[in-house]
Colleague: 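Starting off with a structure, shown below.
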Amino acid sequence: MKDLLITHTDLDGISPIILMNLTKRKFDFKSIEINEIESTFIELFKTDLKVYEHIYIVDLTIPETVYETLKELNNVLVFDHHETHLYANKFDFVTVKIKEFDRPTCGTELFYNYLKEIYKNLDTPMIRDYVDLVRQIDTWDFTDIEMAKNIGSLPIIYGKKEYIKLLSKRLTKNKEKFELTAFEKRYLKIKKEEEKNFIENKNKQLMKYKIAGRKCGIVFAGNCNKSELGNVLATNNPDIDLIVIIDTTKAVSYRTTRDDVECNKFAELFGGGGHQKASGSGFTDEMREEIIKNYFKDVKRLEDNKN
């Protein structure tokens, strides 16, 4: 039998796919956005999930309505690190932890701790180092800030599909630490200058609004390192509470550097969630349609995009 892995789309979501590749198990996977969780499970529940020996759900906060069906299955394991998901620990198949070893943890690390007990080939220095670098960039809790930020940039450089393929091969090597290739080092050096210019432009474009009692700095940005962008913008604008990064292709990200601001609580107001300093919420087709209507005014949707 094969397994099913359901994860998020960020680095902490795609890294479990890499770990599953390293187990050599046959598996299907779905990498989904926050706003796709309920619809994804509605469709899954229409299928025969007994074809899977295990169903792994990693780095996703599952709503209670979905758990009503999940708890009836006997092949599900959930691994997550979001505070808004702690309620699910009441189910014996769920592991939600915010901290591990007295520092912030992530979905990849929790899933790895489970897998390495079963698949001993995963317990190597290089894989352990990679998992911790993913943890650092996802939780913004650094011991090697330069390398962690480099790891966060690689999926953007290669694209997620190619990144998964490359890392699944690279992590089989017998090395003490995860290392960048000579090409990656050169490329990242160039990209750092581009990123610096990009962030400077976004800082100029920053729009300030008060939303739900919070002073927000809002920017529009697509495929970029949103954690790095949010952190720099928040540092450069200490007068605001949090940064709102709107990616109209998929989601809205929330970032802060302040200890007295809870991004996850703010994100919940808009159907999202996450961590205290880094959270997100979905951006739907209906929202995109509203933008089209507000901008072009006299619009009419064509059925099935015909005529």
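No hydrogens, no waters, no symmetry mates; every other heavy atom, side chains included, goes into these values.
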Colleague: Can V76 and F91 be said to form a side-chain contact (heavy atoms from CB on, under 4.5 Å), step by step?
Modeller: CA-CA 11 Å; V76 179; F91 302 110; over 6 Å; no

Colleague: Under a 3.5 Å cutoff, is there a donor and acceptor pairing between the side chains of N225 and S227?
Modeller: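 No, no side-chain donor-acceptor pair sits under 3.5 Å.
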
Colleague: Report the distance from atom OG1 of T139 to atom NZ of K99, rounding to the nearest 0.5 Å.
Modeller: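 T139 OG1 to K99 NZ: 10.5 Å, rounded to 0.5 Å.
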
Colleague: Show the numbers, then the answer: is there a side-chain hydrogen bond (donor to acceptor under 3.5 Å, both in side chains) between K202 and N197?
Modeller: CA-CA 9 Å; K202 289 301 171 184; N197 294 333; over 6 Å; no

Colleague: In terms of side-chain heavy atoms, does N113 have a donor or acceptor partner in E100 at a distance below 3.5 Å?
Modeller: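 Judged by distance alone, the side chains do pair up.
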
Colleague: Does the ring center of Y56 lie less than 6.0 Å from the ring center of Y114?
Modeller: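 Yes, they do, as the ring centres are separated by less than 6.0 Å.
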
Colleague: Using the side-chain contact (heavy atoms from CB on, under 4.5 Å) definition, which of the options D28, D3, I6 pairs with I55?
Modeller: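 Filter result, single survivor: I6.
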
Colleague: Just by distance, no angles: are the side chains of T105 and E109 close enough, under 3.5 Å, to form a donor-acceptor pair?
Modeller: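 Per modelled atom types, T105 and E109 side chains form a pair under 3.5 Å.
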
Colleague: Any chain of hydrophobic side-chain contacts (each under 4.5 Å) joining V58 to L44?
Modeller: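 As far as the 4.5 Å side-chain criterion goes, L44 and V58 are connected within one cluster.
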
Colleague: Check whether the side chains of N264 and T84 place a donor and an acceptor atom closer than 3.5 Å, and report yes or no.
Modeller: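 No - no donor-acceptor pair under 3.5 Å links their side chains.
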
Colleague: Are any of the side-chain nitrogens in K277 or E262 under 4.0 Å away from the carboxylate oxygens of its partner?
Modeller: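 No, this pair does not count.
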
Colleague: Check the surroundings of atom CG in D260: do more than 12 heavy atoms from other residues, nucleotides or ligands lie under 6.0 Å from it?
Modeller: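 It does: D260 CG has more than 12 such atoms within range.
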
Colleague: Return the NE2 to CG distance between H8 and D80, rounded to the nearest 0.5 Å.
Modeller: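 These two atoms lie 10.5 Å from each other.
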
Colleague: Between K24 (side chain only) and M20 (backbone N and O only), is there a donor and an acceptor less than 3.5 Å apart?
Modeller: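 Such a contact is absent between K24 side chain and M20 backbone.
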
Colleague: By the side chain to side chain donor-acceptor pair (under 3.5 Å) test, which pairs, at least two apart or in different chains, include something from residues 214-223?
Modeller: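 Listed once each, the pairs would be none.
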
Colleague: Check the surroundings of atom NZ in K97: do more than 12 heavy atoms from other residues, nucleotides or ligands lie under 6.0 Å from it?
Modeller: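 Counting neighbours around NZ of K97, 12 or fewer heavy atoms of other residues, nucleotides or ligands fall under 6.0 Å, so no.
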
Colleague: Give me the other members of the hydrophobic cluster that F270 sits in, counting Ile, Leu, Val, Met, Phe, Trp and Tyr linked by side-chain heavy atoms under 4.5 Å, directly or via other members.
Modeller: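 M207, Y209, I211, I218, F220, L242, V244, I246, V252, Y254, V261, F266, L269, F283, M287, I291, listed by chain and number.
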
Colleague: Please indicate whether D102 has more than 12 foreign heavy atoms, meaning atoms of other residues, nucleotides or ligands, lying under 6.0 Å from its CG.
Modeller: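 No, because the 6.0 Å sphere around CG of D102 holds 12 heavy atoms or fewer from other groups.
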
Colleague: Name every donor-acceptor pair, under 3.5 Å, that has one atom in a side chain of residues 171-182 and the other anywhere in the protein, sequence neighbours excluded.
Modeller:
residue : atom : partner : partner atom : Å
T172    : OG1  : K169    : O            : 2.6
K175    : NZ   : E179    : OE1          : 3.4
T181    : OG1  : E184    : N            : 3.1

Colleague: If you draw a 6.0 Å radius around CZ in F183, do more than 12 non-hydrogen atoms from other residues or ligands fall strictly inside?
Modeller: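 It does: F183 CZ has more than 12 such atoms within range.
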
